[in-house]
Amino acid sequence: ALLHLLTNAHQAFVRHSIKQRCIKITTLRKNNTISLNIIDNAGGIEKAHIEKIFDPYFTTEFEDSGKGIGLYLTKILVVQHLKGEIEVSTTSSGSHFSLTLPIEC
């Protein structure tokens, strides 16, 4: 899941010709969960697309490069297999993905 989110950020950096690239990853443990936040400055997600971003076969990339299943599969992995949650929002300069996962120790 993390690798896919980082790959998407890299593709957005290239697509938007971002020279000063930044990806910030933070973690926070709260009770029996851990939150993983990935924030980039790659331009963000258009408001018209944010509701569809986890839908299967939805892509904003050219047909030859994106199939539209990466974020869908990421959500399936996080929600169904890891029993967590994933959310996305757009910041003033990029995207913010938040994953909340249970800690089983």
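- Here Leu28 contributes atom CG and Asn37 contributes atom CG; the two are 8.0 Å apart, rounded to the nearest 0.5 Å.
- The distance from atom CG of Asp55 to atom CG of Leu71, rounded to the nearest 0.5 Å, is 10.5 Å.
- Residues Ile25 and Ile103 share a hydrophobic cluster, clusters being chains of Ile/Leu/Val/Met/Phe/Trp/Tyr side chains in contact below 4.5 Å.
- Summarising the geometry, atom NZ belonging to Lys75 is positioned 10.0 Å from atom CD belonging to Glu85; distances are rounded to the nearest 0.5 Å.
- Gly44 and Ser95 get closest at one heavy-atom pair: CA-OG, 3.5 Å.
- Hydrophobic clustering, with ILVMFWY side chains joined whenever heavy atoms are under 4.5 angstrom apart, groups Leu36 together with Leu77.
- Linking Ile, Leu, Val, Met, Phe, Trp and Tyr whenever their side-chain heavy atoms come within less than 4.5 Å leaves Val88 and Ile39 in two separate clusters.
- Taken to the nearest 0.5 Å, the OG1 atom of Thr59 stands 9.0 Å off from the NZ atom of Lys67.
- No more than 12 heavy atoms of other residues, nucleotides or ligands sit less than 6.0 Å from atom NE2 of His10.
- The side-chain heavy atoms of Thr74 and Phe97, taken from C-beta on, include no pair separated by under 4.5 Å.
- Of the residues listed (Leu101, Thr100, Ile76, Leu99), the one engaging Leu82 in a side chain to side chain contact (heavy atoms under 4.5 Å, CB included) is Leu101, and it is the only one.
- No continuous path of ILVMFWY side-chain contacts below 4.5 Å connects Tyr72 to Leu2, so the two sit in separate hydrophobic clusters.
- In plain terms, the two heavy atoms of Ile53 and Phe58 that are nearest each other are CA-CD2, 4.1 Å.
- Considering Thr91, Ile50, Asn8 as possible partners of Ile45, the one that fulfils the side chain to side chain contact (heavy atoms under 4.5 Å, CB included) test is Ile50.
- His4 NE2 to Ile38 CD1: the interatomic distance, rounded to the nearest 0.5 Å, is 11.5 Å.
- No side-chain donor-acceptor contact under 3.5 Å links Ser98 to the backbone of Glu87.
- In this structure, the separation between NZ on Lys24 and NE2 on His96 is 9.5 Å, given to the nearest 0.5 Å.
- Of the possible donor and acceptor atoms, none in the side chain of Asp40 sits under 3.5 Å from a partner among the backbone N and O of Gly94.
- Minimum heavy-atom separation, Ala42 to Ala9: CB-O, 4.0 Å.
- Cluster annotation: Ile69 and Val79 are assigned to distinct hydrophobic clusters (Ile/Leu/Val/Met/Phe/Trp/Tyr, side-chain heavy-atom contacts under 4.5 Å, transitive).
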